[in-house]
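Data block below; observations after.
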2 protein chains.
Amino acid sequence: MSLPHAILTALLEKPSSGLELTRRFDRSIGYFWSSTHQQIYRELGKLEQAGRIRALPTAAPARGQKKEYEVLPAGREELAAWVALPEDPRPVRDPLLLRMRAAAVVGVNGMGSELRRHLALHERQLAEYREIEERDFTPAPEGDADRLRHLVLRGGIDLETFWIGWLTRAIGDLED
Amino acid sequence: MSLPHAILTALLEKPSSGLELTRRFDRSIGYFWSSTHQQIYRELGKLEQAGRIRALPTAAPARGQKKEYEVLPAGREELAAWVALPEDPRPVRDPLLLRMRAAAVVGVNGMGSELRRHLALHERQLAEYREIEERDFTPAPEGDADRLRHLVLRGGIDLETFWIGWLTRAIGDLED
DNA sequence: ATCAGCATGTAACCAGTTACATGATTTA
DNA sequence: TAAATCATGTAACTGGTTACATGCTGAT
């Protein structure tokens, strides 16, 4: 049940249309909760139905016409309640680690090049995060909100760093 | 499409019944691809239908009666083909990072205690991994298969270590 | 004979993915 | 006026979750 809350967060940061949201999910919020435009439109419909958001009155409600949404008080309350709710970390589900485990049984076919490919992808992602850090969080921010957003970004950076470290070690190990 | 391959891997390591598989998913394989018994039974049915596995002839096919499966050659080939297939890392989808981002907008309600709770959970998981490492991979294994399984476990250890590091920093930051 | 626990399943639902449809606006 | 692209959607499907149903086996 996280997508609606991701959308509420994004809309609180800035009222947007469905497509604008989609684009922002490809950049900032989406780094931690990815989604597609189909899912976003569906969820926007539900949120509007439930009285958590509303279409800005200026926008015409026709197909093909831009429709901007903003968060209503009920939506903000809902989001605040969700933030306070305890929720366990989800069990890991990682296809690459699983594949490696399978490779222990059926042989390490194309694993070497696959690991190098993943390494390159994670290095690219890390570089992107570092650019954002440089641009938005240097020097270190003062306000609470930006400090938190910086922490989230650090999470992304640390996660990519973990992958790069593990993949580098794995590639070395495989080559023996 | 990873669950069937997780099951094939587990069955190649050791032929099992549905419930035995479920238990092993709560321990080893499930650390990297979690699943429930309902899903496992459903998938076992499909795999049998598709001729990738078969019930051991000894077992009676009645409800409530234990039914053991083994992997057929077609299943092993399928698994080997899957291992060789390139597959991009999935986009991150992490509720805690998302919640932190939401907290930047609506305030850090119960986040402090929640972060400490997660920290404890990750520390417990790390301890469990270290026990397994001690028991199964000390001294460092010689065989290829066990070296790969050790690598996978290292993945788990490094991932938990990342979380512990990030959570510790986040808790410190919040307290200022 | 009953009950606890082992073991296998069914059904309904929900979230996410993939493929496709349609209208509006801009530009060549 | 045709094509590109912006923008909003529908439909069908798949994988995963939650809740429940049923049969067998061994202990008291």
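In what follows, chains carry the letters A, B, and so on, assigned in the order in which the sequence lines appear, proteins first and then strands, with residues in each chain numbered from 1. Side chains included, hydrogens not; waters and symmetry mates left out as well; all remaining heavy atoms used. The model shown is predicted, which means the values in this text are computed figures rather than measured ones.
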Would you kindly give the [atom1]-to-[atom2] distance between [X] and [N], to the nearest whole Å?
X      : N       : atom1 : atom2 : value
I7(A)  : dG16(C) : CD1   : P     : 10 Å
K66(A) : dT8(D)  : NZ    : P     : 8 Å
R90(B) : dG16(D) : CZ    : P     : 8 Å
I40(A) : dG16(C) : CD1   : P     : 11 Å
K46(B) : dC13(D) : NZ    : C1'   : 11 Å
W33(B) : dG15(D) : CH2   : P     : 10 Å
E48(B) : dT8(C)  : CD    : P     : 12 Å

Decide whether Y31(B) and Q125(B) meet the rule of one side-chain donor and one side-chain acceptor closer than 3.5 Å. no
Go through the steps for L167(B) and F162(B) under the test side chain to side chain contact (heavy atoms under 4.5 Å, CB included), then give the verdict. CA-CA 9 Å; L167(B) 285 164; F162(B) 144 70; over 6 Å; no
How long is the span from the [atom1] atom in [X] to the [atom2] atom in [Y], to the nearest 0.5 Å?
X       : Y       : atom1 : atom2 : value
L85(B)  : E114(A) : CG    : CD    : 8.5 Å
E160(B) : L121(B) : CD    : CG    : 9.5 Å
W82(A)  : T9(A)   : CH2   : OG1   : 6.5 Å
F32(B)  : M100(A) : CZ    : CE    : 11.5 Å

Is there a donor-acceptor pair under 3.5 Å between the side chain of S34(B) and the backbone N or O of G30(B)? no
Determine the minimum heavy-atom distance between S28(A) and R101(B), stating which atoms define it. OG-NH2, 3.4 Å
Think K67(A) has a side-chain N or O under 4.0 angstrom from the OP1 or OP2 of dG9(D)? yes
Using only side-chain N and O atoms of Y41(A), determine if any of them is under 4.0 Å from OP1 or OP2 of dT8(D). yes
H122(A): which of W163(A), Y129(A), W166(A) passes ring pair (Phe, Tyr, Trp, His ring centres under 6.0 Å): W163(A)
Protein and nucleotides 17-20 of chain C: nitrogen or oxygen contacts under 3.5 angstrom:
unit_1  : atom_1 : unit_2 : atom_2 : d
dT17(C) : OP2    : R93(B) : NH2    : 3.2
dT17(C) : O4     : R42(A) : NH2    : 3.2
dA19(C) : N6     : Q38(A) : NE2    : 2.9

Near DNA chain C, under 4.0 Å by heavy atom, which residues of residues 13-31 of chain A? none
